[in-house]
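Encoded as structure tokens, the structure appears first; notes follow it.
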Amino acid sequence: MSMLGKLADRLLATVAPTTEVEAACVLISTVRTPAGYCAGADGIVRYKITRNYDSCPARVTYSCPRQ
């Protein structure tokens, strides 16, 4: 097997499990809740964004412009 083929197999072995897990997560709902104000931004409301999935744990992110 060529070196390029071996490299492709190794890459696929490391990426494939992650891809299958992400594909199994089905988004059920997204909830935006006010969570104070962004630091350094004049009066911009910070939101807690919770994405709920059917068979995966919820993922939480916060919205604020990048500083």
Side-chain angles (χ1 to χ4, degrees):
M1 182 178 243
S2 70
M3 187 166 186
L4 192 57
K6 289 179 185 178
L7 181 60
D9 287 343
R10 286 179 44 201
L11 180 63
L12 183 60
T14 57
V15 175
T18 306
T19 305
E20 290 174 10
V21 170
E22 291 294 324
C25 299
V26 177
L27 181 65
I28 294 175
S29 66
T30 301
V31 179
R32 289 175 50 115
T33 308
Y37 294 94
C38 295
D42 296 329
I44 296 176
V45 177
R46 178 182 183 203
Y47 288 97
K48 176 182 176 183
I49 303 167
T50 306
R51 291 178 178 87
N52 298 305
Y53 297 91
D54 67 340
S55 59
C56 298
R59 294 189 184 131
V60 177
T61 56
Y62 292 91
S63 68
C64 275
R66 292 190 179 201
Q67 302 291 331

### Task
To the nearest 0.5 Å, tell me how far Ile49 CD1 sits from Thr33 OG1.
9.5 Å
## Note on the structure
In short, Ala35 meets Tyr62 closest at the heavy-atom pair CB-CE2, 4.4 Å
### Message
So Tyr53 and Leu27, do their side chains get closer than 4.5 Å, heavy atoms only?
### Response
yes
### Query
Would you call Val45 and Tyr37 a side-chain contact if the rule is heavy atoms closer than 4.5 Å?
yes
### Spacing of Thr61 atom OG1 and Lys48 atom NZ [to the nearest 0.5 Å]
10.5 Å
### Query
Can any side-chain N or O of Asp54 pair as donor or acceptor with the backbone N or O of Val26 at less than 3.5 Å?
yes
### Query
Can you name the residues that form a side chain to side chain contact (heavy atoms under 4.5 Å, CB included) with Ser55, not counting sequence neighbours?
none
### Task
Kindly give the heavy-atom pair with the smallest separation between Cys38 and Ser63, and that separation in Å.
SG-O, 3.6 Å
